[in-house]
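So the structure is just underneath, and the comments pick up after that.
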Amino acid sequence: MKTAKEQLELLKRGVADIVSEKELLVKLEKSVKEKKPLRIKLGIDPTAPDVHLGFTVPLRKLKQFQELGHRVVIIIGSYTAMVGDPSGKNATRPQLSYEGVMSNAKNYQEKIFKILNKDKTEVVYNGEWFSKFSFNDVIRLASKITVASLLEHDYFDNRYKSGTPIALHEFIYPLMQGWDSVEVKADVELGGTDQRFNVIVGRDLQRESGQEPQVGLFLPILMGPDGKNKMSKSLNNYISIDESPKEMFGKLMSIPDALMLDYFKLLTEVPLPEISDIEEKLKNQSIHPKEVKKRLGRELVTMYHSKKDAEAADIEFERVFSGKELPADLPELILPQQLFKNGKVWIINILMEAKAVNNKSEAKRLVEQGGVYLNNLKIDSPATDLEVKNGDIVKAGKRKYFRLKL
RNA sequence: GGGCAGGUUGCGGAGUUGGUCAAUCGCAAUAGACUGUAAAUCUAUCGGCUGAAGCCUUCGAAGGUUCGAAUCCUUCCCUGCCCA
């Protein structure tokens with residue numbers, strides 16, 4: 001077993017902030033001395049059915065804790081998800097149904113163990129305790145926090161100042177998350193830097209309940225491929241770990257250059273010195289950014305699929321986007337007979353049939369702007385009727401291709 | 001409970017002396033040029049139907065006034081601010 005100091009050094013990699021480092025060291029020392037693993041908490045609100053790369057950041061940190069002999073406690077926020085975490089949001093979240101939450105939760109559990117060691121993980125639902133909460137309990141909990149302290153926080157403050165509504169239940173969220181820490185007797189809670197307040201509330205509540213307060217370990221927020229917002233399902237800028245190798249690779253290639261190194265640091269196993277080396281080489285331009293990004297794509301596809309898939313995705317990418325060749329596997333599009341008039345098909349109908357567009361106006365725009373090709377020939381008028389044959393290839397926009405089947 | 005302000009097309013936000021408003025502009029988005037499916041830049045598009053010209057449905061909801069309403073009136077719903 002590693003010493004407390006050694007553990008701390010390892011655990012600090014890729015961490016944005018610790019509240020507090022000293023306390024963590026003390027806990028680790030005690031753990032080593034008493035041979036008692038620490039309890040590491042991560043709360044998950046199963047708001048979406050998908051697990052994306054942003055979420056793997058804390059999961060990978062948890063795995064590291066496990067490798068050091070500690071115990072992970074995953075709290076599935078079956079109740080909190082119904083409230084919706086207001087952190088970083090500028091509007092009230094839609095409340096989810098219990099059924100929706102539970103079905104997402106089940107899905108999450110499967111995905112989580114792609115990364116975590118099942119034997120060293122406890123999974124609990126916070127509904128276990130919150131469903132038994134009486135109104136008195138709620139009041140008691142609510143009395144532990146002041147309105148001023150809530151309003152101090154950016155996300156409430158901004159909304160308050162700009163006059164956007166804040167519903168009362170949103171104030172309860174930090175308390176619920178905090179109370180989870182009490183229930184599971186957490187030693188450490190992981191979260192993104194936007195979780196700081198919620199984690200600190202947990203510390204207060206633990207202290208009140210006579211427990212030693214947990215340490216907060218905050219990880220950087222992973223930006224989505226748009227480079228502007230946090231990777232999140234609701235903003236639709238995320239890369240799911242279930243994505244096909246081709247998709248995953250492609251999405252990674254589309255991230256802004258400025259994000260590459262963060263992705264390396266937060267998402268891959270590439271050793272830090274090597275990342276610094278890459279950084280250096282980028283700076284003095286002895287390596288092309290595209291090559292670095294391709295490496296990133298290969299690393300991640302290898303992690304979630306296989307090395308073979310990664311290479312295939314890379315080669316395919318080169319072929320299609322750099323070589324401007326056709327993708328290897330095109331989706332087939334079967335054109336129903338009724339679309340044919342005198343043996344011809346209106347291009348707009350093909351696009352509609354392919355669901356490449358939402359409506360006909362959009363289809364026309366796409367054609368007018370030169371985004372549609374038949375067998376590499378640009379179609380320049382939306383009024384075009386096409387004589388198509390089996391195997392003809394239609395391209396709609398940057399990356400949608402279809403092979404026609406009659 | 002009282003007073004005030006407001007609800008516009010994904011978001012922000014114009015437009016309220018009634019017609020010229022499918023509705024300025026910015027962001028986002030999509031397409032094209034340039035590229036490395038990066039960034040930046042430039043161009044175009046950005047309610048729907050109609051195989052151009054025409055039509056239809058939109059400005060919180062429902063009614064009403066009018067030849068004509070996002071703009072006026074009534075009721076209702078929702079939000080914020082101030083006072084209690």
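Chain naming here is simple, since letters A, B, ... match the order of the sequence lines and numbering starts at 1 in each. Since the structure is predicted, the reported quantities are computational estimates derived from the model, not experimental observations.
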Output one line per pair: protein atom, nucleotide atom from nucleotides 46-55 of chain B, and distance, for all N/O pairs under 3.5 Å.
unit_1  : atom_1 : unit_2  : atom_2 : d
rG48(B) : OP1    : N359(A) : OD1    : 3.3
rG48(B) : OP1    : N359(A) : ND2    : 2.6
rG48(B) : OP2    : R365(A) : NH2    : 2.8
rC49(B) : OP1    : K360(A) : N      : 3.1
rC49(B) : OP2    : S361(A) : N      : 3.0
rC49(B) : OP2    : S361(A) : OG     : 2.5
rU50(B) : OP1    : K360(A) : NZ     : 3.2
rG51(B) : N1     : D385(A) : OD1    : 2.5
rG51(B) : N1     : D385(A) : OD2    : 2.9
rG51(B) : N2     : A383(A) : O      : 2.6
rG51(B) : N2     : D385(A) : OD1    : 2.6
rG51(B) : N2     : D385(A) : OD2    : 2.4

Please state the [atom1] separation for the pair [N] and [M] - nearest whole angstrom.
| N | M | atom1 | answer |
| --- | --- | --- | --- |
| rC25(B) | rC78(B) | P | 35 Å |
| rA62(B) | rU57(B) | P | 13 Å |
| rU8(B) | rG3(B) | C1' | 26 Å |
| rC81(B) | rA33(B) | P | 50 Å |
| rA70(B) | rC59(B) | C1' | 5 Å |
| rA5(B) | rC27(B) | P | 33 Å |
| rA38(B) | rG13(B) | P | 32 Å |
| rU71(B) | rU20(B) | P | 13 Å |

Between [N] atom [atom2] and [X] atom [atom1], what is the distance in whole Å?
| X | N | atom1 | atom2 | value |
| --- | --- | --- | --- | --- |
| L296(A) | rG36(B) | CG | C1' | 14 Å |
| R159(A) | rU79(B) | CZ | P | 13 Å |
| M253(A) | rA39(B) | CE | P | 12 Å |
| L351(A) | rA31(B) | CG | P | 13 Å |
| D314(A) | rG36(B) | CG | C1' | 13 Å |
| L366(A) | rU30(B) | CG | C1' | 8 Å |
| D226(A) | rA39(B) | CG | P | 10 Å |
| K400(A) | rA29(B) | NZ | P | 15 Å |

Sugar-phosphate, base or nothing in reach of L259(A), heavy atoms under 4.0 Å: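 Counting heavy atoms under 4.0 Å across all strands, no contact is made by L259(A).
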Sugar-phosphate, base or nothing in reach of G250(A), heavy atoms under 4.0 Å: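 Here G250(A) touches the bases of the nucleic acid.
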N/O donor-acceptor pairs under 3.5 Å from side chains in residues 381-389 of chain A, not counting sequence neighbours:
unit_1  : atom_1 : unit_2  : atom_2 : d
S381(A) : OG     : A383(A) : N      : 2.9
T384(A) : OG1    : S381(A) : O      : 2.5
K389(A) : NZ     : D392(A) : OD1    : 3.2

Parallel, tilted or perpendicular, as decided by the 30° and 60° cut-offs, for the rings of Y238(A) and H52(A): tilted
OG-CZ distance between S232(A) and F55(A), expressed to the nearest 0.5 angstrom: 14.0 Å
Pairing check on [N]: which nucleotide meets the Watson-Crick or G-U wobble criteria with it, both distances under 3.5 Å?
| N | value |
| --- | --- |
| rA22(B) | none |
| rC34(B) | none |
| rU74(B) | rA62(B) |
| rC49(B) | rG54(B) |
| rA69(B) | none |
| rA5(B) | rU79(B) |

Counterpart residues, ring pair (Phe, Tyr, Trp, His ring centres under 6.0 Å), relative to Y125(A) (two or more places apart):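 Applying ring pair (Phe, Tyr, Trp, His ring centres under 6.0 Å) to Y125(A) gives none.
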Ring centers of Y79(A), F133(A) separated by less than 6.0 Å: no
Derivation of the ring pair (Phe, Tyr, Trp, His ring centres under 6.0 Å) call for F156(A) and Y160(A): CA-CA 6 Å; F156(A) 286 129; Y160(A) 194 65; 9.6 Å; no
Exercise: do [X] and [Y] side chains pair donor with acceptor under 3.5 Å:
| X | Y | answer |
| --- | --- | --- |
| E189(A) | S181(A) | yes |
| T80(A) | Q177(A) | no |
| K61(A) | Q64(A) | yes |
| N104(A) | N107(A) | no |
| S286(A) | N284(A) | yes |
| S322(A) | K290(A) | yes |
| N126(A) | W179(A) | no |

Presence of salt bridge, R298(A) and E311(A), under 4.0 angstrom: no
Residues K114(A), D242(A): salt bridge by 4.0 Å N-O rule: yes
Within residues 279-295 of chain A, residues whose heavy atoms come under 4.0 Å of RNA chain B: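 H288(A), P289(A), K290(A), K293(A), in order of number.
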If you restrict it to nitrogen or oxygen atoms, what contacts under 3.5 Å exist between nucleotides 5-13 of chain B and the protein, and what is each distance?
none

Protein-nucleic acid N or O pairs under 3.5 Å, nucleotides 81-83 of chain B:
none

Working for side chain to side chain contact (heavy atoms under 4.5 Å, CB included), residues H70(A) and L28(A): CA-CA 10 Å; H70(A) 300 289; L28(A) 287 168; 3.7 Å; yes
side-chain N/O K228(A) vs rA28(B) OP1/OP2, d < 4.0 Å: yes
